Amino acid sequence: MKLKEEVNTLIKKAFANAGIEADSITVTDATKPEFGDYQFNGAMALAKQLKQNPRQIAQTILDNLETGGMVQKAEIAGPGFINLWLNPEWIAASCQNAEENDRLGIGTRSNPIKAVVDYSGPNMAKQMHVGHLRSTIIGDTLANLLEFLGDEVIRQNHIGDWGTQFGMLIAYLEEMGEEGNGSLKDLEQFYKDAKSRFDADEAFADKAREYVVKIQSGDAHCLTLWKKFIDISLGHCEEVYEKLDVNLSRDDVRAESFYNETLAKVVEDLDKAGMLQESDGAQCVFLEGDEVPVIVRKSDGGYLYATTDLAALYYRANVLGAKRISYVVDARQSGHFKQVFRVAKEAGFVPEDVKLEHVAFGTMMDKNGKPFKTRDGGTVKLIDLLDEAVVRAKAAITSKENYSEEELEKIARIVGIGAVKYADLAINRESNYIFDWDKMLSFEGNTSLYMQYAYARIQSIFRKYGKDVEGEIVIGDELEHRLAVMLLRFEDVLNKAAEDAAPNQITTYLYELVTLFMRFYERNPILKEGVDEQTRISRLMLADLTARTIKQGLAILGIQVVDRL
RNA sequence: GCACUCGUAGCUCAGCUGGAUAGAGCACCCGCCUUCUAAGCGGGCGGUCUCAGGUUCGAAUCCUGACGGGUGUACCA
């Protein structure tokens with residue numbers, strides 16, 4: 001339910017009734033429980049403009065407020081705040097509705113759009129490393145979120161499969177023969193070996209350079225080798241996606257090389273648009289106010305990543321028909337995207353009404369605030385990090401429960417991977433973040449385990465209860481009131497998170513929800529003796545709605561839940 | 001040099017479309033298990049929101065400047 005919108009509508013109506021003109025009317029969540037559920041602060045701002053006392057204005061609004069059964073109490077406080085308390089019966093009915101609905105009462109967009117989310121983007125010449133983690137999971141979350149809200153999401157994995165290094169790699173692959181398949185298991189090593197061969201052997205280096213040209217000119221033999229190489233490398237990525245539980249498949253791959261044929265046209269079109277200039281032999285677009293140009297064609301005739309990105313933008317906007325194109329890429333590339341987006345719009349490659357956004361994120365750091373590396377200074381392979389997460393999770397869930405080995409393995413996988421993802425997504429994506437195993441696999445604070453634990457506790461109640469729950473939700477006390485309102489806010493949170501492409505808004509919400517639930521759980525017994533049937537049913541339903549909200553929230557983040565923990 | 005970005009409790013972070021006494025978790029101290037998972041809950045300690053100005057009835061939030069950290073800065077992606 002779009003709760004805030006509903007409350008807003010009431011206030012807007014009150015304004016209309018009172019005959020007061022105001023351009024933007026927005027209620028906000030109450031800053032404290034004692035101020036109710038929502039508050040409207042606009043009276044103070046209007047005071048000057050209307051030349052009236054703000055409390056007077058607030059009173060006028062209140063006099064014209066039609067509560068419609070939704071608002072129980074409205075009070076003026078302080079200099080002119082209007083505090084609103086929702087009616088418990090209305091809240092209960094709304095929760096009831098959510099509980100009986102398989103989408104938790106959350107609607108789908110009335111005006112869905114096509115949205116392209118570009119994320120992950122590994123380089124086929126190298127193994128995926130920790131640097132790819134954030135793009136992959138933030139992008140996946142955004143895609144899941146938009147999809148859940150009803151947009152038509154097109155996932156695009158813009159893999160790096162083109163460039164001079166592939167000449168060297170396929171020359172080496174050829175030389176290795178059948179053995180190559182085996183040694184390709186470790187791409188990092190393969191690359192190093194190929195490189196040292198390249199540096200040591202002049203004849204090999206020549207061949208590598210020759211192969212670059214041959215791939216580009218479509219030589220069948222070299223293309224076959226290249227395809228084989230990409231295929232194996234992509235297979236490694238898929239292994240990571242599988243472990244990470246990310247919704248990316250081969251169908252989502254739209255590689256750099258896909259745009260090869262259109263690069264010349266990009267340059268040509270820029271020229272036609274009168275935007276092209278030659279500088280030091282390179283074809284450039286000079287944007288007003290920018291010091292450095294966007295180079296779209298090198299002096300040697302080759303194209304660059306800006307050219308490919310322009311081609312991709314054209315494709316996404318015009319062929320795929322996207323109205324929102326989101327690039328989930330490291331913040332260090334913000335300059336690049338700012339320029340490319342400008343060029344694309346100015347050249348008319350992308351219609352005006354298409355939203356282009358760079359969903360930038362910061363760097364992953366170690367405990368000392370240095371870029372995350374292995375002990376010997378190398379990059380940490382993503383697959384190793386994920387495997388370690390599962391091992392550590394296994395150690396962390398030294399349980400009171402007796403798990404079978406199989407069950408333990410399953411829980412460790414969900415919990416370990418979930419912890420890595422949650423810890424990352426819980427951070428405001430724009431800032432750098434410190435990777436800390438201990439914090440990540442803690443049960444305390446805003447961690448995935450805290451959510452998992454709450455979920456498991458609820459499932460445990462239902463296992464014990466053992467019957468279907470049918471009945472009515474009744475808001476029994478202040479705590480249940482707050483929990484219920486929090487549950488109803490879910491849709492607002494999702495919409496805002498989608499708009500801002502901010503997964504941490506979802507984690508923050510889940511943490512608040514679960515914190516409230518834990519208090520409810522401690523204070524309001526459900527199955528214990530002495531709880532009357534109506535109360536029991538109502539609390540069961542609130543608990544169930546909470547569990548389902550946690551599950552749905554985590555699902556959007558790409559994290560599964562376990563019934564026992 | 002220029003541009004972007006960040007600076008909130010000892011540590012890790014929320015909050016930033018301006019609103020009431022700035023919030024969590026960790027760490028530290030104190031309470032709560034004979035019945036729903038104590039991996040939990042309650043309480044305490046801890047802040048000139050880097051600094052200086054400005055706008056405003058009201059600023060952690062917006063603007064300007066300084067200081068400090070990070071990043072980028074034409075033919076790699």
Side-chain angles (χ1 to χ4, degrees), chain A residues 24 26 28 30-32 34-35 39 41-42 44-45 47-48 54 77-81 83 121 123 158 160 162-165 256 279-284 286 289-300 302-306 308-309 329-336 338 360 362-363 365 367 369 371 396-401 423 426-428 430-434 436 438-439 442-447 449-450 452-454 456-465 496 500 504-505 507-508 511-512 515 518-519 521-531 536 539-540 543 564-565:
Chain A
S24 68
T26 32
T28 54
T31 51
K32 279 171 205 277
E34 57 263 40
F35 297 150
Q39 57 177 252
N41 306 328
M44 279 88 77
K48 189 167 248 180
F81 297 101
N83 294 333
N123 188 327
H158 190 81
W162 205 248
T164 50
Q165 70 271 53
E256 268 176 10
S279 173
D280 292 341
Q283 298 298 319
C284 309
F286 284 88
D290 277 6
E291 266 183 58
V292 295
V294 180
I295 302 181
V296 291
R297 191 169 184 188
K298 298 193 279 186
S299 47
D300 70 3
Y303 300 104
L304 294 106
Y305 72 134
T308 310
D309 277 336
V329 181
D330 194 298
R332 282 175 284 205
Q333 296 201 31
S334 60
H336 164 72
K338 211 176 263 178
T363 313
M365 306 294 210
K367 263 185 176 173
I397 49 179
T398 48
S399 55
K400 292 155 294 185
E401 306 250 348
I427 300 292
N428 181 335
E430 307 213 30
S431 44
N432 293 343
Y433 93 104
I434 303 212
D436 181 351
D438 296 333
K439 195 183 153 197
S442 157
F443 279 81
E444 289 151 347
N446 189 7
T447 61
L449 286 192
Y450 185 70
Q452 295 278 10
Y453 182 56
R457 276 180 136 183
I458 297 170
Q459 299 317 308
S460 172
I461 291 176
F462 280 92
R463 274 195 299 274
K464 287 217 162 68
Y465 186 66
K496 185 70 164 56
D500 298 344
N504 79 307
Q505 291 177 13
T507 61
T508 300
Y511 182 52
E512 283 172 15
T515 302
M518 288 292 200
R519 290 167 64 184
Y521 178 94
E522 297 281 340
R523 289 225 306 247
N524 295 8
I526 298 174
L527 299 182
K528 292 185 183 178
E529 265 177 58
V531 179
R536 174 171 296 157
R539 287 179 181 171
L540 278 167
R564 270 198 330 148
L565 190 61

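Proteins get letters first, then strands, A, B, ... in listed order; numbering begins at 1 in each. Keep in mind that what you see is a predicted model, and the values were worked out from it rather than measured. Quick note: numbers below take in every heavy atom, side chains included, and nothing from hydrogens, waters or symmetry partners.
Evaluation of the side chain to side chain donor-acceptor pair (under 3.5 Å) rule for A/Q452 yields no partner, not counting sequence neighbours. Residues forming a ring pair (Phe, Tyr, Trp, His ring centres under 6.0 Å) with A/F35 (at least two apart in sequence, or on another chain): none. Applying the salt bridge (Lys or Arg N to Asp or Glu O under 4.0 Å) test to A/D300 and every residue at least two apart in sequence or in another chain returns nothing. Legend: residues meeting salt bridge (Lys or Arg N to Asp or Glu O under 4.0 Å) with A/D280, ordered by chain and number and at least two apart, are absent. Remark: A/T164 engages A/V212 in a side chain to side chain contact (heavy atoms under 4.5 Å, CB included) (not counting sequence neighbours). Not counting sequence neighbours, A/N432 has no partner by the side chain to side chain donor-acceptor pair (under 3.5 Å) test. Looking at residues two or more places apart in sequence or on another chain, you find a side chain to side chain contact (heavy atoms under 4.5 Å, CB included) between A/A331 and A/A360. Partners of A/Y450 under the ring pair (Phe, Tyr, Trp, His ring centres under 6.0 Å) rule, at least two apart in sequence or in another chain, are A/Y511.
The same atom, C1', is picked in B/rC26 and in B/rA14; the two are 14 Å apart, to the nearest Å. Annotation: B/rG69 and B/rU56 have their P atoms spaced 35 Å apart (nearest Å). Comparing the P positions of B/rC45 and B/rU12 gives a spacing of 23 Å, expressed to the nearest Å. Nucleotides B/rA52 and B/rG43, compared at atom P, are 34 Å apart to the nearest Å. The same atom, P, is picked in B/rG65 and in B/rC2; the two are 11 Å apart, to the nearest Å. Remark: the separation of the P atoms in B/rG25 and B/rG42 is 8 Å, to the nearest Å. B/rC13 and B/rG19 have their P atoms separated by 24 Å, with the value rounded to a whole Å. Here the separation of B/rC16 from B/rC11, taken at their P atoms, is 23 Å to the nearest Å.
A/N428 places a side-chain N or O within 3.5 Å of a backbone atom of A/E430 that can act as its donor or acceptor partner. Distance alone, capped at 3.5 Å, is enough to place a donor-acceptor pair between the A/T447 side chain and the A/S442 backbone. Remark: the backbone N or O of A/A456 is not paired with any side-chain donor or acceptor of A/S460 at under 3.5 angstrom. Proximity of a side-chain donor or acceptor of A/R536 to a complementary backbone N or O of A/K528 within less than 3.5 Å is detected.
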Below 3.5 Å is the cut-off: list the nitrogen or oxygen pairs between protein and nucleotides 73-77 of chain B, distance only.
from: B/rA74; atom 1: N1; to: A/S279; atom 2: OG; distance (Å): 2.8
from: B/rC75; atom 1: O2; to: A/S299; atom 2: N; distance (Å): 2.9
from: B/rC75; atom 1: N3; to: A/S299; atom 2: OG; distance (Å): 3.4
from: B/rC75; atom 1: N4; to: A/D280; atom 2: O; distance (Å): 2.9
from: B/rC76; atom 1: OP2; to: A/K298; atom 2: NZ; distance (Å): 2.9
from: B/rA77; atom 1: OP2; to: A/Y305; atom 2: N; distance (Å): 3.3
from: B/rA77; atom 1: O3'; to: A/E256; atom 2: OE2; distance (Å): 2.3
from: B/rA77; atom 1: N6; to: A/Y305; atom 2: OH; distance (Å): 2.4

List, with names and distances, any nitrogen or oxygen atoms from the protein found under 3.5 Å away from nitrogen or oxygen atoms belonging to nucleotides 14-23 of chain B.
from: B/rA14; atom 1: OP1; to: A/N428; atom 2: N; distance (Å): 2.7
from: B/rA20; atom 1: N6; to: A/Q39; atom 2: NE2; distance (Å): 3.3
from: B/rA20; atom 1: N6; to: A/N83; atom 2: OD1; distance (Å): 2.5
from: B/rA20; atom 1: N6; to: A/N83; atom 2: ND2; distance (Å): 3.4
from: B/rA20; atom 1: N1; to: A/N83; atom 2: ND2; distance (Å): 3.3
from: B/rG23; atom 1: OP1; to: A/K32; atom 2: NZ; distance (Å): 3.2

Short heteroatom pairs, N/O only, protein and nucleotides 29-33 of chain B, under 3.5 Å:
none

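Residues A/A543 and A/F462 come closest through the heavy atom pair CB-CE1, 4.4 Å. Looking at every heavy atom in both residues, A/V531 comes nearest to A/P525 through CG2-O, 3.7 Å.
Between the C1' atom of B/rA24 and the NZ atom of A/K439 lies a distance of 11 Å, rounded to the nearest Å. Here the P atom of nucleotide B/rU5 and the CG atom of A/D330 are 15 Å apart, to the nearest Å. The CD1 atom of A/I526 sits 7 Å away from the C1' atom of B/rC36 (whole-angstrom rounding). In this structure, A/I434 places its CD1 atom 17 Å from P of B/rC6, rounding to the nearest Å. Note: CD (A/E430) to C1' (B/rU5) measures 9 Å, nearest angstrom. Taking atom CZ on A/R332 and atom C1' on B/rG70, their separation rounds to 10 Å, with Å as the unit. Here B/rU12 presents its P atom at 12 Å from CG of A/N432, a figure rounded to the nearest Å. Counting to the nearest Å, the C1' atom of B/rG40 and the OH atom of A/Y453 are 5 Å from each other.
Under the 4.5 Å side-chain criterion, counting only non-hydrogen atoms from C-beta, A/H336 is in contact with A/D309. Side-chain contact between A/T28 and A/T26 is absent, with no heavy atoms from C-beta onward closer than 4.5 Å.
With distances taken from any side-chain atom of A/I397 to the nucleotides B/rA24, B/rA39, B/rC36, the minimum falls on B/rA39. Taking the side chain of A/E444 as heavy atoms from C-beta on, and the options B/rC4, B/rG40, B/rC36, the nearest nucleotide is B/rG40. Of the candidate nucleotides B/rC4, B/rC13, B/rC36, B/rC13 has the atom lying nearest to any side-chain atom of A/Y433.
Within the structure, a side-chain polar atom (N or O) of A/R519 is placed less than 4.0 Å from OP1 or OP2 of B/rG42.
The strand RNA chain B forms stems, runs of 3 or more Watson-Crick or G-U wobble pairs with distances below 3.5 Å, at B:1-7 with B:67-73, B:10-13 with B:23-26, B:28-32 with B:40-44, B:50-54 with B:62-66.
When each of A/K528 and A/G335 is assigned the nucleotide of RNA chain B bearing its nearest heavy atom, the one mapping closer to the 5' terminus is A/K528. Comparing A/K338 and A/N446 by the nucleotide of RNA chain B whose heavy atom lies nearest to each, the residue mapping closer to the 5' end is A/K338.
Within 90° of 0 lies the glycosidic angle of B/rC33, which makes this nucleotide syn.
If you check every strand for non-hydrogen atoms under 4.0 Å, A/Y465 touches nothing.
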